[in-house]
2 protein chains.
Amino acid sequence: MKFEAITIKDIAKALGLSISTVSKALHGSHEISNETKAQVLAYAKQYKYKPNPIAQSLKRGRSKSIGVIVCNIDNNFFSQAINGIESVARQKDYNVIITQSRESYDREVANSEHLSSRSVDGLIISLSAETSNVDHLVRLHQKGLPIAFFDRVTDAIATHQVIADNYKGAYEATRHLLQQGFRRIAHITSSPSLSITTERLHGYRQALEDAGMQPDQRYIKLCEHGGMIQEETRQALMQLLEMPDRPDAIFTASDRLSTTTLSLLRQMRIDIPGQIALVGFTNSISADIFNPSLTAVVQPALEMGQQITELLIQLIESKRPVTTFQKRILDTELKIRDSSLHLPRL
Amino acid sequence: MKFEAITIKDIAKALGLSISTVSKALHGSHEISNETKAQVLAYAKQYKYKPNPIAQSLKRGRSKSIGVIVCNIDNNFFSQAINGIESVARQKDYNVIITQSRESYDREVANSEHLSSRSVDGLIISLSAETSNVDHLVRLHQKGLPIAFFDRVTDAIATHQVIADNYKGAYEATRHLLQQGFRRIAHITSSPSLSITTERLHGYRQALEDAGMQPDQRYIKLCEHGGMIQEETRQALMQLLEMPDRPDAIFTASDRLSTTTLSLLRQMRIDIPGQIALVGFTNSISADIFNPSLTAVVQPALEMGQQITELLIQLIESKRPVTTFQKRILDTELKIRDSSLHLPRL
DNA sequence: GTGTTTGGCGCAATCGTTTTCGTAAAAAAA
DNA sequence: TTTTTTTACGAAAACGATTGCGCCAAACAC
């Protein structure tokens, strides 16, 4: 079964013209008389001629498609970002091919190679939690493939980046907990190799220090798999809960960590925020119907997707090699809800 | 900036062979001596030769990619389904191009035409809420483009379908509410043109009738935009709440309607399930941390995505025209949580 | 009337691959 | 030795579109 479309050759035959004449007519070349142009255009319109993009890609050496690698699409942050990517790409007539690394280094490598061999014109990437080495991307980049990073970025490749203000987001979240009167504030975060981890960790630490407190390493839990493995998150949480001076608040550093932590605490029948308060990075559209509603650091995911796509397309379409790169840092928003309220002591 | 890869021609030149010999060697043709094959293969491996998929597509007339049109990806049902689609597609070496209709008929038409002109080999579709006419798809199908439907299907095109057992899911949800002692059970659902709407409505009605009750049209609210427009859902809900014999339970028919309804009820400070119980179709991974945790009809989204992709690829790769089609109906699961508990009257 | 310009179009190469067909040399059969 | 078969390879067309170049005829200049 296959899909037969009308080609330039069909038009040429039907009108008794040569293939090149038709092609030029369709492109409005001055070499072709208005008469012939009109004739060709009319015929093309009538039979709904659409140039075969595959043939065009082959000829032009560009496929008008961009590849995207994120860890996961069933996560509101990334699905919103993808909405942004798609909207800009479509508007500029690029196709988007989405792939998921599921936080696995191996899948990220496989996807990047697969996409580049599928001749995407460029790549948009948010690194996987397992990725600490970006040689696979360096290779592609050196061969001339435009790459742009968002969210989880690396400085090992000189290119555009779009991130949220992770430092400030984390700082504000932590300061908010401090202002609410919490003192033993734990932080559950992802793999230390991720840019977002270090930035958020930094914001968290700085807020504590600015409040005259000494960040305590025991209160910081790293989850290498970024919440993809629930057991890992559970253990991190258990370690916190079993401490003699157990935290009175937790700041979680990602969407999945936030929902997983909330879910686990509820399963353990731990009252939030009564026994432990919770603030998390999350773009979940349901954060206000969680139990309790979840105080969240919200990233401008849609805008991030839009901007990184614009930057990538600039890179792709640039005639001359680009040598100066942008690092855009977009503002986050702290949405205060019930999970971080300091209840009066009973 | 462009990405230069090694071609078959480069290999030919380097080894002093002809292009066709190299091609045949790479394909293991019997026409080529083992010696030459080994030489070519070694060279190809060393220089990481990858056939240019665009050239292959042009030659073969197939692009090894499939298009997907869903209303939305930031919705756990669809993102899970896409996970299923991707996993099967990737395993069979197909690319997946995902697009969103956002419940708009116009965008669905535009996307389907764009995808077909981008020479996808086939299309997987879940219809938009606004779509009542599928002529745009009929046209493509008649031209020979393989199409397969999941979730929101149509019988206007003879092809494979994969759906959840919407009738049974709705029946069980309604029966559950009845068993809990609720009597005035309302139903908020999507556009009546959608298959899922009629099937779920049917299950809802039948459950009431089997309990000796007469379905009351006033308790059934249709949202043409399937929850994409919050105001529409709000009005439907308000109409229910303002009825003299206001419902004591609501059964919502889709992911977005469920979360929106829950959110609205909470904003109005209506106690769930005390004043109104709630059961919804949803695949939200956070349903158990909602407030209250949400009793849900869960669809096997991943499996649905996998199965429809297998069926589509069968269609694409079939040598002879396929004349018998499958309609697979997968089981749903009712997850009972707090939102539907009948509390003792105070 | 000869020479030059220009308008309008077609030829053919090209992108990278696949595939049919032809052919030279080597091997086998006569 | 001659004929046939086999082996191993190359030439070329094709997929659909783009584009530089060449060509013919009409229009113009002189």
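Chain letters run A, B, ... following the sequence lines, proteins first and then strands; every chain starts at 1. Quick caveat, the model's predicted, so the values are computed rather than measured.
Residue Thr7(B) is classed as a sugar-phosphate contact, given heavy-atom separations below 4.0 Å to backbone atoms only. Residue contacts shown for Ser23(B) include a base, since a base heavy atom lies under 4.0 Å away.
Distance, His30(B) NE2 to dC9(D) C1': 12 Å, rounded to whole Å. If you take CD1 of Ile32(B) and P of dT7(D), they are 13 Å apart, rounded to a whole angstrom. Taking atom CG of Asn52(B) as the reference point, atom C1' of dC15(D) lies 13 Å away to the nearest angstrom. The separation between Leu58(B) atom CG and dG16(C) atom P is 12 Å, rounded to whole Å. One can place CD of Glu31(A) at 10 Å from C1' of dG7(C), the figure rounded to the nearest angstrom. Rounded to a whole Å, the CG atom of Leu26(A) is 15 Å from the P atom of dG16(D). Going from atom NZ of Lys9(B) over to atom C1' of dT14(C) covers 8 Å, rounded to whole Å. Between Leu17(A) atom CG and dC9(C) atom C1' there is a gap of 9 Å when expressed in whole angstrom units.
Phosphate contact (OP1/OP2 of dT18(D), side-chain N/O of His27(A), threshold under 4.0 Å): present. For the OP1/OP2 pair of dC15(C) and a distance below 4.0 Å, the side-chain nitrogens and oxygens of Lys59(B) include no atom meeting the criterion. Close to dT19(D), at under 4.0 Å from its OP1 or OP2, lies no side-chain N or O of Ser29(A). The phosphate of dC9(D) has OP1 or OP2 within less than 4.0 Å of a side-chain N or O from Ser33(B). Side-chain nitrogen and oxygen atoms of Gln56(A) include none within less than 4.0 Å of the OP1 or OP2 phosphate oxygen of dG16(D). Considering only side-chain N and O atoms, Lys24(A) lies nowhere under 4.0 angstrom from the phosphate OP1 or OP2 of dG20(D). Between Thr36(A) and dC9(C), a side-chain N or O to OP1/OP2 separation shorter than 4.0 Å is present.
Distance alone, capped at 3.5 Å, is enough to place a donor-acceptor pair between the Ser112(A) side chain and the Glu108(A) backbone. In this structure, Thr99(B) contributes its side chain and Val68(B) its backbone to a donor-acceptor pair below 3.5 Å.
Here Glu130(A) does not pair with Arg107(A) in a salt bridge; the nearest charged N to carboxylate O distance is not below 4.0 Å. A salt bridge does not link Arg328(A) to Glu303(A): none of the charged nitrogens lies less than 4.0 Å from a carboxylate oxygen.
Between Val22(B) and Ala55(B), the one whose closest nucleotide on DNA chain D sits nearer the 5' end is Val22(B).
Using modelled atom types and a 3.5 Å distance limit, the side chains of Asp74(A) and Gln100(A) yield no donor-acceptor pair.
Under 3.5 Å, the side chain of Ser18(A) and the base of dC9(C) form no donor-acceptor pair of N or O atoms.
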